[in-house]
Structures are given as structure tokens and as C-alpha cells.
Amino acid sequence: MNYSALFLQLLPEAVLVLAALVMLGAAVATGKKPGRVFSSGVGVSIATFGILLAAAAMFFVPQDGATSTSLLENDPLARIFKAVVLGLGLLAVWLPPVRREIGNLGEYYALVLFALTGLLLAVGSNHLLFLFVALELASLSLYLLAGFPRTPRAAEASLKYFLFGGVSAAFMLFGISLLYGVSHSATLSGIAQVLEASQPSVLAMTGLAMLLVGLGFKLAAVPFHYWAPDVYQGAPATTVAIVSAASKAVGLVVLVRILQIGFPNVAGSAAWGEMTAGWSLWLAVLAAVSMIFGNLLALAQTSVRRLLAYSAVANTGYLLVALSANGPKAAASALFYVVVYGLATLGALAVTAAVERDRGDDRVSSFAGLIHRSPFQAVCLLVFLTSLAGIPPLAGFFGKFALFSNAMGESAAGGNPGLVWLVGLGVILSAVSLYYYLSVLKQAFVTSAPDELSEAHGLGPSHVLCVLLPAALLVILGLFPSLLLAPITRALMESLR
Amino acid sequence: MTPAWTLISAFAGALLVLLLPARAAGSARIIALVASIVGMAAAALSCLARLNTPDATPWSYDKPWVENLGIRFHLAADGISLTLLLLTGVVAVAGVLFSWNVEKRPRAFFAWFLTIIGGVYGVFLSRDAFLLFVCYEIVILPKYLLIAIWGSTNKEYGAMKLTMYSIAASALILIGLVAAYAAAGATSFDLLHLASTTYPPAMQAWAFPVLFLGFAILAGMWPFHTWAPTGHVAAPTAASMLLAGVVMKLGAFGALCVAMPLFPQGFELWRPLIAGLAVVGIVYGALTALTQRDLKFVIGYSSVSHMGFVLLGLAAANHWGLRGAVLQMISHGIIAGLLFGIAGRVVYERTHTRDLAELQKFDLWKSLPGAAIAFTLATAASMGLPGFSGFVAEISVIIGLWQSYPWLTIAVAFGIIITGAFSLRALHRAFFPARTANAAAAPPLPPLTWPEISAIGLLLAVSLAIGIYPKPWVVLIDDGLRSPLFQSILPLP
């Protein structure tokens, strides 16, 4: 493997870094001179151009398996999710950037590109240390991105995010060092070989548990979720979109890779009546508490952003249900669901951003009469929230259905109860979730608006795309889920072989 | 015309109505009428075709949908599906006619209305458990919006209660279906495949009540019926007609064609309890209806009572019982639609009250004779008088019950007597008040409009047709009962 081949493999990431540097250069060039301001239009254009170029660069990455190194995996799974990260990142960039004045837009968008670079690297990483560095690149950028508007709330969000993130990163690193000490390898396949050859030691299991703490933080699983509501409420919309959509998808891919490739034989079981210790059981417990706390706390929220944060926690629970079934089909449907979830949350954030601009806040009651003010936004909001609630014919319904039935199908063979306790809990709590999504929709569709505000301001073209594209994709993927589910399943099978 | 046109016409109509420009909003009702008439015609023609060629293979359409889970887009129409499609078509046409005067956001109203109709058609046609569940769930959100936006009397409470009951019911159904899917090898959601698998008795013992309860909640089984009266009362007329007329039938259909065939041993185990709850529902619904002051509440509780006959027929688990259950589904669909149409649209829109005592002042027999005659006939049908569909249905159920649980027929007899009592009480108070010499003259009311008359005529005609000549309906239902789905419940004759 020579350096030119390595560079070619990292072409998308390189393009993103280059775009970030151009952004910084442009900001420096325009920022000093009075009268010339680095506008958000310039920032969005450069970022859009950079992301599209990075997506185009993916076609130049050699696709044969020989290009995978001990550090970087270039399998179909990585390629699919790099495309997903770039797509969700692009939509996030198109969201209106500022709730309140952001001082330096050039830096803001440059950090967005750095965060996306880190996420792209993490998707393909095969080596725990490399993974750690990639995730830290993304996380450090996101800590800063959360605190960008100079408001107390954003500062609180950023600080909480940073403190919890820092501690979980320390856990993760400690876990990695334990695993390295046990197996003398930090690649996933190396660890798997060692664990297969000998009885798994307490040290190795401790290492894995600490690794899961770190990833649980990324996914906002209970009890590592405390940062989520504040970040969702205080941070700019673009930041929240990256945290909730792209970063969550990457966290899940990484988790699937680590568990299915590195630790397939210490899964244990979470099936009813035959529970044995192992990551499957741990994830089942995390899933259960995440679903319970996420859904019940979401019921009490009056701010839509906080509601979306608790819904993120609950959705992490559903994803973990599928992973704890320890089967490739369930994992594939979790990967499908995380994409669908990201689209729906991103769209809901886009509508929330529009309402915030019109009404000044994101309280549920501020959505009153949205159908009269802007039928387009209201109908799209209906698509997003009903998709999150799991109502057909939208993709969120199919995602949950596939996730729960595959989790049952792979855990319960021949009439064993399997994961029925966890799946049953998930299905029932998912029914509860309809209540809080419906409370927002009730405001938008049923309650009439206060009189002083009749017309909504028009949305910018990129903002319209941010609302329209996810809604269209949710409908299409709901009617033809195989379009995405089949490639993901195939890619995952290939990676696990 | 294949039965698929029912589905296509409803969903295409809904889409078309949504795409209408704002200035043409008034023509939404015309599109909705055309779409529902096409659906009704397709259902009627399919029924006729099936009657003419009883030995042909039933129509079906089967395409792979999601290979990863073994989901197929599988529609098929046996006799039971066909009769229920026809019921849906008739109620849909009548519902549009009774909503002819909706002025508030008519495009959205008819779009949601047609979406419900499409979802109901879909459930009756599905032969894949996933597809059936999808169609079942599609109905939930439009129901909420129809009630919450266009309803009356405590509408947001009624809408939310109904929605929460429905979604809880779907959660139970999903758990049951997914458990069956996993235990049957996780390869296919085809109903016949799932039904031909024999599940371990321990699993059937818990999975059957979960699945059955999910469906029975929507069928209004006591004590999970409380969504029905509040929901029916809060809903706008067309939505009450749909709720009582066809949506409750979804639950009964699911119990008959999904829950019972999938877990026959579980059904055998829980059958006595279901029969007991059904009888309690019949008597309780009738007794509660006897004490109501709101005309719509009377009809709402009478629905609970009448749906008890459907569940009772299912619990009888013999040929007469199942046939009677399906007949009662159709009969109650028509009669409940008629009663809600008259009470909610014809009377309430003119008098602005449904209170039985208030209605006395209007002397409806004088001021609105057409409505009074129609309501009298509908009440007769609802009481199960010979000549109307209710008689045919209830007598079949009772014969079936006599074969399975003879002692329960005594309790049912009480229920029938109380049904007569509450029906006559409501009819008497609302339409035939005692006239006193010094009472103020009743205010004049606008006469019946053509859409109202045609809707009433359509529903009455169907009820009379079933009551006087039930043979084609019975032939179709028996045809459906010969399906391999019911092999484990009914021994082949």
C-alpha cells in the first residue's frame, strides 16, 4: 500500500478538509475589511460545493476489497453510510444557520465540514484507536458548534455536551487500552481472533463495557443522555441536525461493526428465560430504560426541541432492541431505521426552525394554526411526526416494523419467546409516543392561530429543500423500503463475512 | 371490474381531492361521490361475478414487496371480503351524501374520508399480515383529524381517546403478529402460511389473547368499548357512520380472519371468556343505552350492544355462529350508518340539539315526517324485526350459540328485550312526543334534501334486501368460510 493509493482512498475526506480550509480562508479575507461581510450565503455555498464534491469524489475511490487496510475499511457498508452522512450533512447545512446572531459564520461552517470529516472517517474505521481519533474530531467540532450563538443557553449546551463527552471519551480510551492489553491488537478482527481462542477474560469484558459507555453517549442512550435536551434546545439548528441525524447514524454503524465483527462470541443472550451475561443483555437493558425514560419524559415537554431530544433517546432504545437480537437482519433493519429516523428528525427541525423564526420560540403552542399560515410546512410536519410515531405508509412505520419483526425473528426460533419482552415493551411505548407527536400536530392542524399572525414568512430555497426532500424520501422509502433496506442488508452481510 | 377498483378509486379520489385548487374546493364532494360510487359498483359487480361463478378461483393479486422480510403485496377476495367490501361501499356513498353540506375545509374533509375508506377496503382485501396491518394503521390518523377538526361535543377528548385506544390496539396486534412471524420461521407474513403453522400451546395461550384483544378493542368488546360512545358522539356525521358502520367491523374481521385462524388452540382456551364478555356487552350496552339523554349516545351504546352479537357469533365457533357474525357485521354497518345519519345530520343540523327532552319541543313527527318514518324503520331494523337484516343476522348467531353455549341464550334474550325497550324509548321521545293542548307550536323545519333522501333510501333498501332475500349474502359468506383459513376452526362439511 503506497501513499497515493491511501490518498485516493481518503479522497472524499480530503476534499472536505480542503473545502473547510477554503472556507476559513474566505472568512479571513473578507472579515478584516469594513463593509465586506462573510454572509451565510457564501458559507452555505462553499459548504454545499465541498460536500457535493466529496460525494463525487466517492466515485473515484477504488472499490475492490484489496484497498482496505488494517486501519480503514472500504466495504459497501462504509460506502453506503458515507453517502448517508454526506446527504444528511448537506441537508443540515441548508437549514437556516442562526437562531440568534452567530459571530463568525466562516468558522461555523468550517467546523461543520470538520465534523463531517470525522464522521466519514469513523464510518470506515477498522482500528479502535483510529476510530477514537475520528470520533474525537467529530465530537470536538460538535462541542464548539453547539456553543456558537453567544447566548447563555448555548453556552450551557456546549459545556454540558463537552463535559459529558469528555468523560465518555475517557471511558472509551480506557476501554480500548484494556482491550489492547488483553488481545495485543486494536483491530476488530485481531480482537475477535484472540477472544475466539481463549475464554473471554473479565478485563476484556470490562474494556468492551467501557467502549459501550462511550458509544452510548454518542447515541444518547439512557443513562448517558443528559446532554441531549440542552443541546437540542440551545444549539443552532444545523448543529442539532448533525448531532441527531448524521452522528447517530455513524454511532450505530460503529456499534454494529464493533459488536458483530469484534465481539461476536461474547454476546450472551437477552432472550426470555435464557438470559446470559454479555453485550446482548447489556444492550437490552439500555434499550429498555432508553425507551421508557425517553418516551415518558417526552410526554411532559412543552418545547418542541426538547421533545425531539427525548424522542431521540426513545428512538435509540428501538435501535438497541434490534442490536440486542444479535443477528444480521435485525442489525440491517436498525441501520435502515436510523437513516429514516435522521430524515424525519431533520425535517421536523427544519419546520421548527421556520416556526421559531415566525413566532420567536419553539413552544408547542407556537405551532397553533400552522395549517392556515403555511399548509406546506404543516403537511410536511405531519409526514415527519407521523413517520417518527410509526404510522404507515411512511418509512418510519416500516423501519420500526422491520426492526421489531427481525429482532423477534432472529431471537426466537421455533416458538421460543426470545426477545418478546423487549419487543413488546418497544411496541407499547411506541404507541405511547403517538400521544406527544399528536399533541404537536393537534396544534398545527386543529387549534386555530392567534389573529395577529396570519401569514408565515416565505422560506428560502434551501430551507424549502430541507423540508421537501426528507418528506419526499420518507414517502418513497415507506412505499418501497427495499430501495434502501436491500442494499444495506447485502452490504452488512458482505462486511460480516 | 376487479375488486381492486375499490382500493384504487378511494385512494385516487383522496389524492385528486387534495390536488384540487382552492377555488374549486366545492367540487370536492362531487369527486368524493364519484369515487365512492365507483368503489361501491366495483364491490357490487364483484359480488355478482362471484355468485355467478362460484367454483372459479377467487380473484387475487400477488406481488413481492419487501424480500428482506418476506412481505408480499397480496390481495384476494373471497366471499366474506366481498360482502364486507360492498358494505363499505354502501356506507361510503351514504356518508358522502350525508356530508353534502360540509363547508369547512371540504377538500381536507373528503380527502381524509376517502383515505379511511381506502384503508378499510385494504384491510378486507389483504391476505398478507403486514399489508393488513398497514391498512389497519392508515385509518388511525384520518379518524383523529376528522373528529378533532370537524366534530362536536367534547371533540378533542373524544378524538384523542379513540386514537389512543386504536394505537394501543395496534400495538397488541403488532406484538401478536410478530410473535407468530418469528415462531413460523421468520420467512413470510402470508396469512395462510402463518395459519398453517402449528404453534406450541404455551405460546398460543398468551399470543391469542394479545392478538384477539387488539382486534376486539376496535370491535367494541366490553369492557374495552368506552372509546366507542364518546368517539361516535364527538365525530361529524360521516365519521360516526364510518366508525360504527365499518371501522368497528375491521376489528371483528381481524378477529375472525387473523386471530382465530392463527391460534386455534388459544382460541379454544379463551372461547368461554369471549362468549361471556360478549353477552355482558350485549346486556350492558343495551342497559346503558336505556338511560342516555343524548340521541347519539343511545345509538353509540346500541353499537356496543350489537357488536356483542358479532363477538358472540365468533365465540360460538360453528358454522351458524360465524355466518351470523359476518351477517351481523353487515347488518349493523348499514343500520348504524342509517341511525347516525338521521340523528347527526338530518335532525341535529336542523334542531341543533340531540337531547331527547329538548327534541320533544320540535314535534319531529309533524315538522320532519320523512325523518321520523326513516328513523322508525331504522329502529325496527335495529331491534331485529323480521324483514330487516338485523333479524336474519341475530337469529343465525342465536342458533349458533344454542349449539355451543345453550345457557347463554337466556342472557341474550334479556339483551334483546332491553334492546327493544331502549330503541322504542328513544324513538318515542325524539320523534313522537305526547302532545298537550297548551304546548307552543313546533317551529317549522326545512324539509329533507335530495342527498339526505337518497342516502336514507340506499341504506334502507340494502337492509330490507338482506332481510327479505338473504340467500345471496349467505351463499357468499359460506363461500368465504370454506377458505383454508378456517379449517382449524370449522370442520369441513
Side-chain angles (χ1 to χ4, degrees), chain A residues 325 327 329 332-333 336 371-372 375 379 382 386 389-393 397-398 400-402 404-420 423-435 438-439 441-442 445-447 478-483 485-486 488-490, chain B residues 18 22 64-71 105 108 119 129-131 133-138 140-141 144-145 147-149 151 155-156 159-160 163-164 166-187 189 197-204 206-207 210:
Chain A
K329 274 169 106 178
S333 36
F336 172 84
I371 181 74
H372 299 295
V379 170
L382 178 80
T386 46
I391 301 278
F397 165 77
F398 181 80
K400 275 188 197 173
F401 188 90
F404 287 135
S405 24
N406 276 331
M408 268 303 280
E410 288 187 321
S411 67
N416 294 333
L419 274 183
V420 71
V423 169
L425 187 70
V427 170
I428 287 168
L429 285 169
S430 168
V432 170
S433 77
L434 181 65
Y435 183 84
L438 210 52
S439 70
L441 290 177
K442 185 172 99 182
F445 279 82
V446 180
T447 314
L479 294 175
F480 308 103
S482 288
L483 290 179
L485 184 58
I488 287 182
T489 312
R490 241 178 289 133
Chain B
L18 269 187
W65 192 6
V66 188
E67 274 100 355
N68 179 289
L69 286 157
I71 293 170
R105 290 155 75 181
F130 174 78
L131 183 58
F133 187 68
V134 166
C135 295
Y136 195 83
E137 290 257 295
I138 281 181
I140 291 179
L141 190 70
Y144 174 80
L145 291 172
I147 299 176
I149 299 178
K155 57 184 181 179
E156 288 184 13
M160 191 54 106
T163 310
M164 285 298 122
S166 308
I167 197 83
S170 344
L172 294 177
I173 294 168
L174 183 56
I175 294 173
L177 286 183
V178 164
Y181 167 76
T187 50
F189 272 100
T197 310
T198 309
Y199 303 95
M203 176 189 168
Q204 297 209 17
W206 69 261
V210 168

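Everything quoted here is computed from the prediction, not taken from an experiment.
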> If you count heavy-atom pairs under 4.5 Å with chain B, which of A:Ile391, A:Leu485, A:Val420, A:Val432 comes out on top?
Replying inline: A:Leu485

>> Taking side chain as everything from C-beta outward and backbone as N, CA, C, O, which of these in A:Leu479 sits under 4.5 Å from a heavy atom of chain B? Side chain, backbone, both or neither.
In response: backbone

> Can B:Ile167 and B:Glu137 be said to form a side-chain contact (heavy atoms from CB on, under 4.5 Å), step by step?
Replying inline: CA-CA 8 Å; B:Ile167 197 83; B:Glu137 290 257 295; 4.1 Å; yes

> Short question: side chain of A:Lys329, backbone of A:Thr489 - any donor-acceptor pair under 3.5 Å?
Replying inline: no

> B:Ile138 versus chain A, heavy atoms under 4.5 Å apart: side chain, backbone, both or neither?
Replying inline: both

> What part of A:Phe397 lies closer than 4.5 angstrom to a heavy atom of chain B: side chain, backbone, both or neither?
Replying inline: side chain

> Which answer fits B:Tyr199, side chain, backbone, both or neither, if we ask what part of it has an atom under 4.5 Å from a heavy atom of chain A?
Replying inline: neither

>> Can you confirm whether or not the ring centre of B:Phe189 sits under 6.0 Å from the ring centre of A:Phe401?
In response: yes

> What part of B:Leu145 is in contact with chain A, defined as an atom under 4.5 angstrom from a non-hydrogen atom: side chain, backbone, both or neither?
Replying inline: side chain

> Heavy-atom distance under 4.5 Å to chain B: side chain of A:Ser405, backbone, both or neither?
Replying inline: both

> Does A:Lys442 have any salt bridge (Lys or Arg N to Asp or Glu O under 4.0 Å) partners at least two apart in sequence or in another chain, and if so, which?
Replying inline: B:Glu156

>> Given heavy-atom pairs under 4.5 angstrom as the criterion, report whether the side chain, backbone, both or neither of A:Ala402 touches chain B.
In response: both

> Pick from B:Ile71, B:Ile140, B:Leu177, B:Ile149: which one has the most heavy-atom pairs with chain A under 4.5 Å?
Replying inline: B:Ile149

>> At a heavy-atom distance under 4.5 Å, which candidate from A:Leu434, A:Val423, A:Thr386 has the highest pair count against chain B?
In response: A:Leu434

> Residues two or more places apart in sequence or in another chain: which of them pass side-chain hydrogen bond (donor to acceptor under 3.5 Å, both in side chains) with A:Ser433?
Replying inline: none

>> Please find the pair of heavy atoms, one from A:Asn406 and one from A:Ser333, that lie closest to each other, and give the distance.
In response: ND2-OG, 3.3 Å

>> Looking at B:Ala184, is its backbone amide N or carbonyl O close enough to the side chain of B:Thr197 to form a donor-acceptor pair, meaning the two atoms are under 3.5 Å apart?
In response: no

> Which region of A:Val446, side chain (C-beta onward) or backbone (N, CA, C, O), has a non-hydrogen atom less than 4.5 Å from a non-hydrogen atom of chain B, or is it both or neither?
Replying inline: both

>> Given heavy-atom pairs under 4.5 angstrom as the criterion, report whether the side chain, backbone, both or neither of B:Trp206 touches chain A.
In response: side chain

